[in-house]
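Comments concern the structure below.
This structure is a prediction, so every number in the text was calculated from the model and none was measured. Quick note: residue numbers are just sequence positions, from 1.
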Amino acid sequence: MSDTLNPQELPHADRRSWLALGVVCVGALMIVLDTTIVNVALPVIQDDLGFSQSSLTWIVNAYLISFGSFLLIAGRMGDLFGRKRIFLLGILVFTVSSVVCGIANGQQLLIAGRFAQGLGGALASASVLAIIVTDFPREEEQAKAMGVYMFVSIAGGSLGLLLGGGLVQLLNWHWIFVINVPIGIATYLAGRKLIDESEKHQQDGPLDYTGAAMVTVAVAIGVYAIVGAAEHGWTSLQTLGLGAIAVAGLAAFLWLEDHIKSPIMPLRILRVRSLQYSNVIRGLAVVGMYAAFFLGALYMERALKFSPIEIGLAFLPMSLVIGALSLGITAKVAARFGVTRTVVGAFPLAILGLLILASADANTAYFPTLLVAFVLLGTGMGLSFSPLILMSMRDVPEQDAGLASGMVSVSMQLAGAFGLAVLSSVAADRTAASARDGAGSIEALVNGFQLAYLIGAIAMAAAVALTLLAAREPKRNREPVPATETATERT
């Protein structure tokens with residue numbers, strides 16, 4: 001936002017903007033649901049289509065690689081061609097690919113459909129934050145809108161467990177994809193009517209196709225290296241080799257962007273310090289969140305013998321707390337105490353929740369121990385994630401909002417994939433070591449989960465430290481970057 005514009009002079013969001021928010025949130029919910037709803041159905045899909053244990057991972061990996069690879073370029077496409085257009089294109093691709101997944105009767109067709117779903121999810125997700133910050137220019141309204149979006153993004157995971165468990169048990173696994181079709185059609189039609197198209201920001205020269213291809217391939221290789229590390233090992237030739245190729249590709253991409261007239265990613269975006277700090281802080285927090293959510297689901301399934309529906313119900317209090325906070329309370333707290341104090345005060349609650357999980361074993365009752373842990377986690381996440389998103393977008397020029405939205409999404413995706421891979425590897429290694437030391441199978445499994453929760457808590461503690469460090473930065477380093485500055489204009 002411009003420094004010369006009085007915030008009170010900004011227009012209020014009208015009823016149409018709030019209805020458009022509902023549309024994009026339904027689209028986001030459909031995409032979020034698809035992540036956890038598939039995890040519930042994996043054993044049934046394996047039996048039905050004859051997947052091996054190693055090939056089964058590609059049902060998840062094909063989506064993750066595609067989704068993570070296209071987020072950045074999808075965000076920039078929204079800036080250049082219109083965010084409404086790219087969002088609706090993503091919903092259309094996701095819906096059609098859901099049909100493909102739903103009718104799949106073989107491994108190859110299902111994996112291809114999942115890859116296409118990832119592409120559609122990236123196109124739709126990358127523009128959501130940009131739509132919110134441009135449709136809700138007033139900070140208090142923007143905070144409320146962001147709270148609704150974050151509630152959908154986080155709480156949708158536990159809803160996916162409930163819905164996935166119910167569909168698999170009552171019908172069959174095909175319905176976890178078919179259910180997306182009516183939702184996708186309704187979202188597409190409502191979006192065409194209610195979402196206002198953003199201004200299309202023209203470039204001075206031809207579109208940077210080379211840069212777009214370079215960053216997409218580099219991120220794809222990086223995501224592939226991360227998701228394969230749990231199977232091949234972090235020090236394996238494949239993981240290290242692919243990681244080196246990804247880093248070299250990103251370095252070459254940045255060099256190219258700094259030496260051409262019309263880059264797909266203007267390097268001025270890298271000087272928005274609030275965006276960079278918040279991306280790293282949120283990435284560390286996501287590691288803790290994944291420890292609680294995905295490993296927590298495995299802990300309850302394997303150690304406590306919960307059914308998929310019981311696991312979804314177990315996470316429900318966390319989702320309800322996040323929802324209660326996101327729908328107004330967080331915005332008021334952040335307005336009263338500021339983003340830094342809100343985040344610094346919220347993260348310790350989530351850390352405490354993770355430490356409680358780290359002390360739980362196979363005999364721990366859900367009430368009150370696990371319930372308290374999930375409520376604390378929900379409180380910490382509900383109070384911190386929306387302010388961090390607002391911090392990310394606060395100083396970004398309007399013409400780069402889509403690119404910044406893509407950067408936020410890809411940073412969360414990479415952090416989630418990396419964190420889950422690391423925590424899963426750590427948990428598996430600790431479980432194997434405990435079994436060698438004579439622990440029973442369940443005890444050894446719990447020991448692995450406990451160490452993963454502890455590492456998640458340490459990651460969130462590091463996020464607190466980095467938040468405090470960011471707050472101490474000189475004010476001149478946190479000023480908005482002029483939208484007119486080119487990549488070669490250094491000060």
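Of the possible polar contacts, one joining the Thr134 side chain to the Ile131 backbone as a donor-acceptor pair under 3.5 Å is found. A donor-acceptor distance shorter than 3.5 angstrom exists from the side chain of Ser392 to the backbone of Leu388, with no hydrogens or angles considered. Between the Ser66 side chain and the Ala116 main chain, no donor and acceptor come within less than 3.5 Å of each other. For Gln450 (side chain) and Leu357 (main-chain N/O), no donor-acceptor pair under 3.5 Å exists by modelled atom type. Distance alone, capped at 3.5 Å, is enough to place a donor-acceptor pair between the Gln276 side chain and the Ile269 backbone.
Side-chain atoms of Thr364 and Asp361 include a donor-acceptor pair closer than 3.5 Å.
Heavy-atom minimum distance, Leu377 versus Ala292: CD1-CB, 3.6 Å. Across every non-hydrogen atom of His174 and Gly102, the tightest pair is ND1-O, 2.7 Å. Heavy-atom minimum distance, Ala435 versus Ala444: N-CB, 3.9 Å.
Between atom CG of residue Leu72 and atom CG of residue Leu250 there is a gap of 9.0 Å, rounded to the nearest 0.5 Å. Taken from CD1 in Ile86 to CG in Leu123, the straight-line distance is 6.5 Å, to the nearest 0.5 Å.
The aromatic rings of Phe449 and Tyr299 sit perpendicular, their planes meeting at an angle over 60°, well past the 30° parallel limit. Ring pair Phe418/Trp234 is perpendicular by interplanar angle, where above 60° counts as perpendicular and below 30° as parallel. Between Phe177 and Trp173, the angle of the ring planes goes over 60°, which puts this pair in the perpendicular group of the 30/60° scheme.
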